[in-house]
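Order of the sequence lines fixes the chain letters, A, B, ..., with proteins taken first and strands second; residue numbering starts at 1 for each chain. Below, each value reflects all heavy atoms present in this structure, side chains not excepted, and no hydrogens, waters or symmetry copies. Everything quoted here is computed from the prediction, not taken from an experiment.
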Amino acid sequence: MGGAVTVSKVDELVRAFEEMAELSDIKGEVRFKVNAYHRAAELVREHGEELLKLDDVKELRRYKGIGEGIAKKILEYKHTGAISKLEELKEEIPVELISLLQVPNLGPKRAKLVYDELGVRTIEELQEAAEAHRLAELYGMGPKAEQNILEGIRHLRTTTGRLPLHQAHRIQEEIIAQMRERLPKLALSPAGSLRRMKETIGDIDILAAARDAAPVMEAFCALPGVERVLLRGDTKSSVQTVDGLQVDLRVVLPEEYGAALQYFTGSKDHNVRVREIAKKAGKKINEYGVFRVKDKRRLAGETEEEVYRALGMDCPPPEMRENRGEVEAALEGTLPTLVELADIRGDLHVHSEASDGIASLEEMRAAAEALGYRYLAITDHARNLRVANGLDRERLLRQVEEIRKLNAKGDSPVTLLSGSELNIGNEGELDYDDEVLSQLDVVVASVHGGFRQSREQVTRRILAAVRNPHVKIIAHPTGRLIGQRAPYEVDLATVMREAAESGTALELNAFPDRLDLNDENLMEARKLGVKVALGSDAHRREHLAFMYYGVATARRGWLGPEHLLNAMDLEELLEWLWRGRLDKDRKRAERKR
DNA sequence: GCCGTTTTCGGCCCGACTGTTTTCAGTCG
């Protein structure tokens, strides 16, 4: 089996430009050159396939950010597999030095300094030098700087890295609630990557508006969950919580609130683009407002909408602010309308006590009713997934019957849809025959094992499921578990094309560990015209609420209600589910001929 | 290293906080 990890040419080239940026930075090149390399890495990440197809400097230079130098380097890499400039840099500066930049409070300048003066090239050596107080003797450094670097190393080793969105979200809500208790009238908002609903969160950013910042800082730094105060200024403080998370609070005046929110929400790349646009228009934007350069007149600041409008832009929803085309769309007035939680009419992936859930059908239905849903698909695990108590044929058919009876009573606004989450076997085989599947409303299929198989095999398995006329949704299509398990190798582009063609939806699994498809996958699905099915994968009543994170992720993928099965009303959904199955059945018959 | 309906040279996004400094560099976001 070809299970070897293959790193693509594109990934290698991205890495090469990133190394060039880091090494140039340590070397002390002007920041703009370093930025140019970073930008090149970004461009290759985004357009690598296209770029590597091109064969002359002129064509490459059509991309903004690629000039003479970068173009030649791309071609050199294409033809020789290496970039001589990078090799030269590596001879001047050891690559291991790049790893030192991970240490908080140690940047490129001091990394170079400790290497030149002390020969330090790894984090271990850095720690030894700091503990022997050799860092404090260096020019421009002292005992504090040394201590901060030791703290940085400790932090690096003890924190588990980024926190999953839902955990960070809970902590943030708690902090905001505690602040409100102490200062009831204070305007507070989440900001940063949490407001953008990124799938993992490095630290929590909170913004406050007040005439007098001092009492706000006071209250914040004294919150019960605060382990220690990292820095405390007049308008900005950072603390570390008992669970090792960094929380930043920024306080601005009410008339600056919108500008500060814009600035503090990011992303960094988005903000850089916005500031460039301001600059070109003879304006300046910072966290205090938008200003006209010539007379420093203030043009906007109180609300985000006003801030963007002052720059001739619509206001992009926070989830879109990643510099993935939203800046252009905001300028042209072509921002899409994104899906909202209120658009969601039902959940299409739910388990009951029949397999590995803990609630009865009626309990799950009552919980769905509380969320205002109109339908709920019961998709318990199927026969072959023994570990999850998968239903055999008889139990499944009994459940179908039970669902019919519950629906017939007509005492709930929620219609239960009978379904199953099939297991896609090693050769693409499914748990039940067509005769059984044809009795179900919603057939979901997904991979639960064989994660280390080759890309070809996994893709073949999933394509087999896509082609089954009854399978209408491929659940958690990449199998990743955030922070625990990488996605299996799969040719997602091919799966998406086939799914689009055959009328099969791909799932956006809203379970917090999964969020699968992810935001970038979803943008691709949107482009290819693939329908997306939101499912909470609930195993108990409270899990239905995970839909919130699913909708957030859908928004990060630029999806509107028109892309989602769950935004359809019941009749439309049933028609889509059944019409598609007849189409697919016909195609399968044609293929056999 | 890139870029140009204000420029082919001289710019390139912006500011807070800290520590080590007598006016600012380094780091961070």
Using the 3.5 Å cut-off, write out each protein N or O paired with an N or O of nucleotides 5-7 of chain B and the distance between them.
none

(request) Sugar-phosphate atoms are those with a prime plus P, OP1 and OP2; base atoms are the rest. Using that split, label each nucleotide of nucleotides 15-20 of chain B B, S or - for protein heavy atoms under 4.0 Å, 5' to 3'. (result) SSSSSS

(request) Measure the distance from CZ on A/F32 to P on B/dC12 and round it to the nearest whole Å. (result) 6 Å

(message) If I take atom NZ in residue A/K268 and atom C1' in nucleotide B/dC14, what distance separates them, rounded to the nearest angstrom?
(response) 9 Å

(message) When you compare the side chains of A/E76 and A/S84, does any donor N or O come within less than 3.5 Å of an acceptor on the partner?
(response) yes

(request) Start with the C-alpha gap between A/E340 and A/D343, add the side-chain angles, then the distance that decides, and say whether side chain to side chain contact (heavy atoms under 4.5 Å, CB included) holds. (result) CA-CA 5 Å; A/E340 292 173 21; A/D343 295 323; 3.8 Å; yes

(request) Take A/E151 and A/R228 through the salt bridge (Lys or Arg N to Asp or Glu O under 4.0 Å) test and state the conclusion after the steps. (result) CA-CA 12 Å; A/E151 284 293 346; A/R228 58 199 195 99; 3.2 Å; yes

(request) Identify whether any heavy atom of A/V252 sits under 4.0 Å from a base atom; if not, whether one sits that close to sugar-phosphate; answer base, sugar-phosphate or nothing. (result) nothing

(request) Taking only heavy atoms on the protein side, list every residue of residues 290-314 of chain A lying under 4.0 Å from any atom of DNA chain B, sorted numerically. (result) none

(request) Whole angstrom is fine here: how far is it from CD in A/E18 over to P in B/dG1? (result) 18 Å

(request) Please list all pairs passing the side-chain hydrogen bond (donor to acceptor under 3.5 Å, both in side chains) test where one or both residues lie in residues 257-266 of chain A, with sequence neighbours left out. (result) A/R195-A/T265, A/Q262-A/N271, A/Q262-A/Y308

(request) Using the P atom on both, measure B/dT8 against B/dC3 and round to a whole Å. (result) 16 Å

Using atom types as modelled, flag every donor-acceptor pair under 3.5 Å from a side chain in residues 288-295 of chain A to any protein atom, sequence neighbours excluded.
| residue | atom | partner | partner atom | Å |
| --- | --- | --- | --- | --- |
| A/Y288 | OH | A/R250 | NH2 | 3.3 |
| A/R292 | NE | A/D295 | OD1 | 3.3 |
| A/R292 | NH2 | A/D295 | OD2 | 2.9 |
| A/D295 | OD1 | A/R297 | N | 3.2 |

(request) Name all pairs fulfilling the salt bridge (charged side-chain N to carboxylate O under 4.0 Å, His left out) condition that reach into residues 102-114 of chain A, sequence neighbours left out, sorted by first residue then second. (result) A/K112-A/D116

(request) Inspect the contact between A/R273 and A/E328 and indicate whether a charged nitrogen and a carboxylate oxygen are less than 4.0 angstrom apart. (result) yes

(message) For the C1' atoms, the ones on B/dA25 and on B/dT20, what distance do you get once it is rounded to whole angstrom?
(response) 9 Å

(message) Going by salt bridge (charged side-chain N to carboxylate O under 4.0 Å, His left out), name the residues that satisfy it together with A/E137, two or more places apart in sequence or in a different chain.
(response) none

(message) What's the separation between atom CD in A/E173 and atom CG in A/L194, rounded to the nearest 0.5 Å?
(response) 9.0 Å

(message) Rounding to an integer number of Å, can you tell me how far A/N271 CG sits from B/dC14 P?
(response) 12 Å

(request) Decide whether A/Q127 and A/E131 meet the rule of one side-chain donor and one side-chain acceptor closer than 3.5 Å. (result) yes

(request) Determine, for A/R15 against A/E18, whether the closest basic-nitrogen to carboxylate-oxygen distance falls under 4.0 angstrom. (result) yes

(request) Could you state the atom-to-atom distance from CZ of A/R162 to P of B/dG29 in whole Å? (result) 11 Å

(request) May I ask you to decide if the ring planes of A/H543 and A/F546 are parallel, tilted or perpendicular, using 30° and 60° as cut-offs? (result) parallel

(request) Can you tell me which residue pairs pass the salt bridge (charged side-chain N to carboxylate O under 4.0 Å, His left out) test with a partner in residues 206-221 of chain A, sequence neighbours excluded? (result) A/R211-A/E255, A/E218-A/R232

(message) Can you list, in residue-number order, the parts of residues 125-135 of chain A that come under 4.0 Å of DNA chain B, counting heavy atoms only?
(response) none

(message) Tell me which residues in residues 62-81 of chain A lie within less than 4.0 Å of DNA chain B, going by non-hydrogen atoms.
(response) A/Y63, A/K64, A/G65, A/I66, A/G67, A/E68, A/G69, A/I70, A/K73

(message) Taking the side chain as everything from C-beta on, heavy atoms only, tell me whether A/V95 gets closer than 4.5 Å to A/E19.
(response) yes

(request) Provide the distance between the two C1' atoms, one in B/dT7 and one in B/dC2, to the nearest whole Å. (result) 14 Å

(message) Between B/dT18 and B/dT23, how far apart are the two C1' atoms, rounded to whole Å?
(response) 15 Å

(request) Report the residues that fulfil ring-ring contact (aromatic ring centres under 6.0 Å, His included) with A/H563, sequence neighbours left out, ordered by chain and then residue number. (result) none

(request) Applying side-chain contact (heavy atoms from CB on, under 4.5 Å) between A/R480 and each of A/L517, A/N509, A/L515, report the one that passes. (result) A/L515

(request) In whole angstrom, give me the gap between the C1' atoms of B/dG1 and B/dT5. (result) 24 Å

(message) If I pick the P atom on B/dC12 and the same atom on B/dC17, what distance separates them, to the nearest angstrom?
(response) 24 Å

(request) Figure out the CZ/P separation between A/F264 and B/dC28, and round it to whole Å. (result) 16 Å

(message) Without decimals, in angstroms, what is the distance between A/I277 CD1 and B/dC3 C1'?
(response) 16 Å

Under 3.5 Å, which donor-acceptor pairs do the side chains of residues 200-208 of chain A form with other protein atoms, sequence neighbours left out?
| residue | atom | partner | partner atom | Å |
| --- | --- | --- | --- | --- |
| A/T200 | OG1 | A/R162 | NE | 2.8 |

(request) Could you tell me whether A/E287 and A/K236 make a salt bridge, using a distance below 4.0 angstrom between a side-chain N and a carboxylate O? (result) no

(request) Have a look at B/dT22 and give me syn or anti from its glycosidic angle (syn if within 90° of zero). (result) anti

(message) Looking at B/dT8, which nucleotide sits across from it as a Watson-Crick or G-U wobble partner, both distances under 3.5 angstrom, or is there none?
(response) none

(request) On DNA chain B, check which nucleotide each of A/G107 and A/K85 is closest to and give me the residue with the more 5' one. (result) A/K85

(message) For the P atoms, the ones on B/dT22 and on B/dG26, what distance do you get once it is rounded to whole angstrom?
(response) 13 Å

(request) Determine the interatomic distance between C1' on B/dG10 and the same-named atom on B/dG15; round to the nearest Å. (result) 23 Å

(message) What is the separation between atom NZ on A/K283 and atom P on B/dC14, rounded to the nearest whole Å?
(response) 14 Å

